[in-house]
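Please read these numbers as outputs of a predicted model, since none were measured by experiment.
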Amino acid sequence: MATEAVVHQAHQAHGEPNYIAIFIYLAVLTAVELLVYAMGFTTVLKVGLLVALALAKAVLVAMYFMHLSFERRPLWIIAGIPLVLVAFCYLMLRPDLSARAWTSQPHPEQAVGVREGSETSAPAPPAESAAPQS
Amino acid sequence: MSEAAAAEVHGHEAIVDQTEPSLTPGNSGKLGMWVFLAGDAMTFGAGIAAYGALRYQNVNWPDPADWLGISLTAVMTFILICSSVTMVEALSGINHGNVQKMQRFLALTVLGGIAFLACQAFEWHHLIWGEQLSIKTSLFAATFFILTGFHGMHVTGGVIYLGTLLTRSFQRTFTVSDARLVEVAGLYWHFVDLVWILIFTFVYLI
């Protein structure tokens, strides 16, 4: 029983962050995201701002809701490894995929909105020879 | 007196240090959950990385806003953020021995998860039957359904997980030591929230 109390004491040692304040930060950051989305920024600026805001929100959740900021530092390594591997995965994939022809040329099979019914009625003609239907 | 008490406390601390994992003293389940979440994060991360690489400079990629409802998903994001707050309040309740507060907030968290799933079901229904979008329509549609579907399955798992915990709290008396169970479940739920924050930005807003 006493051991349990000590364990609980260790568990409680870090106290509690102000959860409502974290909630308000998250809500405000979400509102700012929507604002950035609605504003007519250039693509680079918009993507940069949105990624930064999303990462800020993710860090807030991990540090305070998941209590990572109160954990022992080596645990951060476990939490951080996926980020490194995902960045590696993206950097390995991108040069290959973005060099493919179907990413730089209009491709009818990749156009969203192609109805499944039209696939069965006739095979899609090549893009160059596609004649507009009258 | 104080020396004896200190020796007793030291004795208990020694027991705790020897039997509990060093990374998460007092709660070995927490370390297990962190390791699981790291693996899960790699799966989600690989999906998001593949999505990003497929989309980068792809002229065939549509503007997501033409197909996806941003306002509905903004509400879904808000619901998940709220459910994260109710989850930490549930943990706070059991940490202070207030089982009723834990039950109340755990129930709210489960409700938040169900509300999120209801919104997602509505969105998928609209896209599949209204817009005729399917996983084989295009890369955009395939990556959308895979990422949001994988996340939706996690939310479903979380609702079952938290629902089971809530049910158990009615079947037997929860004590302060059960805070470990709630904390581990909370880690899972917050992770699901964290992943949605990234999906909301990468899939819907960008």
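For a residue to count as touching a neighbouring chain, one of its non-hydrogen atoms must lie under 4.5 Å from one of that chain's; by this rule A/L75 touches chain B with backbone and side chain alike. Heavy-atom distances place the side chain of B/L37, and not its backbone, under 4.5 Å from chain A. B/F78 touches chain A through its side chain: at least one heavy atom from C-beta onward sits under 4.5 Å away, while N, CA, C and O do not. With a threshold of 4.5 angstrom between heavy atoms, B/S92 approaches chain A through its backbone and through its side chain. Looking at A/A62, both its backbone and its side chain come within 4.5 Å of chain B, counting heavy atoms on both sides. Contacts of A/Y37 with chain B are made by side-chain atoms alone, with heavy-atom separations under 4.5 Å and no backbone atom involved. Residue contact with chain A, scored on non-hydrogen atoms closer than 4.5 Å, involves the side chain of B/F202 exclusively. Contact annotation for A/L91: neither backbone nor side-chain heavy atoms come within less than 4.5 Å of a heavy atom of chain B. The contact between B/F200 and chain A is made entirely by side chain atoms (from C-beta outward), counting heavy-atom distances below 4.5 Å. Of the atoms belonging to A/K46, it is side-chain heavy atoms, and not backbone ones, that fall under 4.5 Å from chain B.
We find that B/R104 and B/E89 are not joined by a salt bridge, their nearest charged nitrogen and carboxylate oxygen being 4.0 Å or further apart.
For B/Y51 and B/W61, the gap between ring centers is short of 6.0 Å. Between B/F44 and B/F150, the ring centre distance stays below 6.0 Å.
The backbone N or O of B/W129 lies less than 3.5 Å from a partner atom in the side chain of B/Q132, making a donor-acceptor pair.
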**OP:** Report the C-alpha separation of A/E33 and A/K57 in whole Å, then their side-chain angles, then the decisive distance to 0.1 Å, and conclude whether the salt bridge (Lys or Arg N to Asp or Glu O under 4.0 Å) test is met.
**Re:** CA-CA 10 Å; A/E33 271 189 316; A/K57 287 165 68 182; 2.8 Å; yes

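Side-chain contact check for B/T77 versus B/D193: every heavy-atom pair is 4.5 Å or farther apart. By the 4.5 Å heavy-atom criterion applied to side chains, B/I94 and B/V176 are not counted as neighbours.
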